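Only heavy atoms go into these numbers, but all of them, side chains included; no hydrogens, no water, no symmetry mates. Not measured: the values here are computed from a predicted model.
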Amino acid sequence: MPLPSDFKDKVLEKLRERRVRSDCELCGQNNWAFVEQAIGLPLTDLSGNVVIPGPQIPAAALVCKNCGNVRTFALRTLGLLS
């Protein structure tokens with residue numbers, strides 16, 4: 001499924017609506033880089049092994065420019081996937 005051209009704007013709008021804190025929970029800075037494309041968080045099978053290719057959680061990601069912390073947000077939970 002192709003992402004909308006305003007993917008970044010839509011994700012950031014949803015995070016603001018849900019009052020997600022902007023300061024990094026690790027270093028306290030507020031200096032984020034937005035990953036411009038969706039990422040997939042792989043799921044494990046019942047034995048705990050990651051199967052690739054396999055089911056994934058589509059997500060948006062932000063990276064703290066100070067400490068490298070990566071925040072991920074499930075796109076379906078944000079209402080950006082049907």
Side-chain angles (χ1 to χ4, degrees):
M1 165 191 279
L3 296 171
S5 59
D6 58 349
F7 174 64
K8 176 181 177 179
D9 294 334
K10 287 182 183 267
V11 169
L12 295 176
E13 177 184 339
K14 292 291 185 179
L15 295 178
R16 278 191 293 275
E17 284 175 6
R18 291 156 194 248
R19 297 184 181 182
V20 172
R21 293 184 183 177
S22 57
D23 291 344
C24 177
E25 56 273 12
L26 298 181
C27 71
Q29 298 292 308
N30 183 10
N31 191 9
W32 297 94
F34 187 88
V35 177
E36 296 288 338
Q37 56 193 39
I39 63 169
L41 302 172
L43 300 175
T44 60
D45 62 17
L46 294 177
S47 61
N49 298 311
V50 175
V51 179
I52 297 177
Q56 298 183 6
I57 298 171
L62 299 169
V63 180
C64 177
K65 292 182 182 180
N66 183 57
C67 72
N69 179 34
V70 179
R71 283 181 161 183
T72 56
F73 301 92
L75 294 177
R76 183 159 286 127
T77 301
L78 293 178
L80 297 174
L81 289 179
S82 55

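Counting Ile, Leu, Val, Met, Phe, Trp and Tyr side chains that sit under 4.5 Å apart, directly or through other members, V50 shares a hydrophobic cluster with I52.
Under the 4.5 Å side-chain contact rule for hydrophobic residues, I57 and V11 do not share a cluster. L81 is connected to F7 through a chain of hydrophobic side-chain contacts under 4.5 Å among Ile, Leu, Val, Met, Phe, Trp and Tyr, so both are in one cluster.
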Output a table of donor-acceptor pairs, distance under 3.5 Å, between side-chain atoms of residues 26-42 and any protein atom two or more places apart or on a different chain; print 'none' if there are none.
from : atom 1 : to  : atom 2 : distance (Å)
N30  : ND2    : S22 : OG     : 3.3
W32  : NE1    : S22 : O      : 2.6

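Heavy-atom minimum distance, G68 versus V63: O-CG1, 4.1 Å.
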Please determine whether side chain to side chain contact (heavy atoms under 4.5 Å, CB included) holds for the pair L15 and L62, giving the CA-CA distance in whole Å, both sets of side-chain angles, and the decisive distance to 0.1 Å.
CA-CA 11 Å; L15 295 178; L62 299 169; 4.1 Å; yes

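Checking side-chain atoms of D6 against main-chain N and O of K10 turns up no donor-acceptor pair under 3.5 Å.
A distance of 5.5 Å separates CZ of R18 from CG of L78, quoted to the nearest 0.5 Å.
Listed by first and then second residue, the salt bridge (Lys or Arg N to Asp or Glu O under 4.0 Å) pairs involving residues 49-71 are E25-R71 (not counting sequence neighbours).
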